[in-house]
Amino acid sequence: MEPLIDLSVEAVKARLHTTRYGRSIELVSRTGSTNDDARARAQSGAPDGHVIVADSQDTGRGSRGRTWLSPPGQDLYVSIVARVPVLPSQLPPLTLAVGLAVAETVDASLGAPRARVKWPNDVWIDDRKVAGVLLEGSSAGQNLESVIIGIGLNVNRDEFPDWLDTPGTSLRLGSQTPGVRFERSLVLARLLDDVERWVDRFVAHGVEPMVGALEQRLALRGERVHCDGLHGVVEGVSRSGALRLRTERGLQEVFSGRIERLP
Ligand code: BTN
């Protein structure tokens, strides 16, 4: 592949502080979906923490059947093979743990506490989506054999189509320094550090450590929203990763769906 200016395996590895994530890493210039590639690697025995990062994807996948636009030269499309002892029912809270990790990477990159986690799988800066998380598990018996952690993080893109469900942004657009470009290798190394730490925390302690972190970071908390046929005020997230909505009929938990702010 053509050398990429700001993304290389050597530069990522030189900055890593992880024990497993990214120690085995592949960089490809173009692929269909890194989540599919990571699934194939997991099936042929790739170790915990194996990473595939692509410069572009032809069929990048978002949650709920949506497309993840993945043009070359600007952003990060990353999938991690995670061999974690979790049940399928734990994927929603694990998705939130990864969202918290991505939010920390965004803050560290911008040098300011700007990122919010928008339930269930988005990271926002100022009401605009800067990243999305897509976890896909494959099971062997009760526990999942492996989980593919897919992350799309908008790094240097400065134009987004106006038909997106949620307006898009990037680290570059969210930065206080006009016109800055971020080195993707550095952002990726940070991201792998943060994701490994949050996944390990989740495996060791469950949702407990997430509660305080989400207090600070949950987007739309206290606002009136619509989600999965319900109207209510966002109160927080339950131990199972469900959204807690205060509705006219009392507190309700929503397990999947997309939150939209009500006027
Ligand atoms: C979402 O917000 O809907 C989730 C988006 C996840 C996109 C990433 S990009 C890397 C990985 N490969 C994919 O095909 N999807 C995920």
Side-chain angles (χ1 to χ4, degrees), residues 4 7 12 21-22 25-43 46 49-82 91-92 94-103 105-106 115-125 127-138 146-157 160-161 163-171 184 187-188 191-192 194-195 199 217-220 227-228 241 243 256-260:
L4 301 170
L7 183 58
V12 174
Y21 284 26
I25 178 168
E26 293 170 68
L27 168 61
V28 295
S29 60
R30 181 176 174 188
T31 190
S33 157
T34 55
N35 264 29
D36 292 341
D37 298 339
R39 165 66 48 228
R41 297 296 188 278
Q43 280 161 357
H50 179 77
V51 169
I52 303 207
V53 54
D55 185 51
S56 68
Q57 299 182 116
D58 294 336
T59 50
R61 220 172 23 254
S63 54
R64 300 189 297 133
R66 285 172 304 177
T67 298
W68 187 260
L69 292 178
S70 311
Q74 311 184 71
D75 300 329
L76 285 169
Y77 317 111
V78 185
S79 297
I80 306 165
V81 175
L91 285 184
L94 184 56
T95 301
L96 287 167
V98 174
L100 284 165
V102 178
T105 303
V106 169
R116 297 280 172 272
V117 173
K118 196 253 186 171
W119 183 93
N121 64 331
D122 292 2
V123 178
W124 280 6
I125 301 172
D127 288 358
R128 291 177 171 265
K129 180 163 174 166
V130 66
V133 175
L134 179 66
L135 262 55
E136 295 176 326
S138 79
S146 59
V147 175
I148 305 304
I149 300 175
I151 302 165
L153 173 58
N154 302 329
V155 180
N156 288 314
R157 206 185 316 181
F160 292 87
W163 47 261
L164 294 175
D165 283 349
T166 307
T169 191
S170 62
L171 296 181
R184 282 181 293 170
V187 178
L188 177 55
L191 180 68
L192 296 173
D194 292 333
V195 175
V199 170
R217 289 205 187 268
L218 189 66
L220 301 172
C227 184
D228 198 27
L243 181 74
S256 65
R258 177 166 183 273
I259 323 179
E260 284 179 66

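Counting convention: from 1, in listed order, for ligands and their atoms alike. No experiment lies behind these values; they were computed from the predicted model shown.
With a 6.0 Å radius and a threshold of 12 heavy atoms from other residues, nucleotides or ligands, Arg66 has its CZ atom above the threshold.
Shown here for Trp119 and Gly257, the closest heavy-atom pair between the two residues is CZ3-O, 3.8 Å.
Two residues are said to be in side-chain contact when any heavy atoms from C-beta on lie closer than 4.5 Å; Thr34 and Val53 fail this criterion.
Remark: Arg217 engages Asp107 in a salt bridge (charged side-chain N to carboxylate O under 4.0 Å, His left out) (not counting sequence neighbours).
Ion pairing of Asp55 with Arg184 is present here, as a side-chain N (NZ or NE/NH1/NH2) and a carboxylate O approach within less than 4.0 Å.
With rounding to the nearest 0.5 Å, the separation of CG in Leu134 from CG in Asn121 is 7.5 Å.
Protein residues with any heavy atom under 4.0 Å from ligand 1: Ser33, Thr34, Asn35, Gln57, Gly60, Arg61, Gly62, Ser63, Arg66, Trp68, Tyr77, Val78, Ser79, Asn121, Asp122, Lys129, Gly132, Val133, Leu134, Gly150, Ile151, Gly152.
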